[in-house]
Amino acid sequence: MTMGDRIKHGAEEAVGKVKEAAGKLTNNEELEARGQAEQAKANVKQAGDDVKDAAKDTFS
């Protein structure tokens, strides 16, 4: 996977963490849940990157 994708997915996770923290701070459950969902989505993308990298290493 390209470094750009890794950075992008890491940034998406960071945005999710900020939203979650802001939701907790303001007692906004919807914002907190959105932040958690964005983090989960970014983690799935990062796991996919890891699988692609492992497959690439295995077959190269």
Side-chain angles (χ1 to χ4, degrees):
M1 205 75 285
T2 67
M3 185 57 73
D5 287 337
R6 289 197 178 276
I7 292 169
K8 179 181 172 187
H9 299 154
E12 290 171 354
E13 183 178 10
V15 168
K17 287 182 186 233
V18 169
K19 286 184 181 180
E20 179 183 8
K24 285 182 181 179
L25 186 65
T26 61
N27 201 28
N28 183 333
E29 293 177 1
E30 182 181 334
L31 182 59
E32 185 178 346
R34 246 185 297 150
Q36 291 170 345
E38 287 184 18
Q39 288 176 68
K41 185 177 175 183
N43 287 333
V44 168
K45 289 178 181 180
Q46 289 170 343
D49 292 344
D50 293 341
V51 169
K52 288 177 186 177
D53 287 342
K56 183 178 176 183
D57 291 343
T58 300
F59 297 110
S60 324

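What you are looking at is a predicted structure, and each value in this text was computed from that prediction instead of being measured. Note that these values count all heavy atoms, side chains included, but never hydrogens, waters or copies made by symmetry.
- H9 is not listed as a side-chain neighbour of V44, based on a closest heavy-atom distance of 4.5 Å or more.
- Scanning both residues, A42 and E13, for their nearest heavy atoms gives CB-N, 3.6 Å.
- Side-chain contact between K17 and Q39 is present, with heavy atoms from C-beta onward closer than 4.5 Å.
- In terms of heavy-atom proximity, A22 sits nearest to L31 at CB-CD2, 3.9 Å.
- Rounding to the nearest 0.5 Å gives a distance of 10.5 Å between CG of D53 and OG1 of T58.
- Remark: R6 CZ to D50 CG distance equals 5.0 Å, nearest 0.5 Å.
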From CA spacing to verdict: side-chain contact (heavy atoms from CB on, under 4.5 Å), E32, L25: CA-CA 9 Å; E32 185 178 346; L25 186 65; over 6 Å; no

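- Using a 4.0 Å cut-off between charged nitrogen and carboxylate oxygen, E20 and K24 count as a salt-bridge pair.
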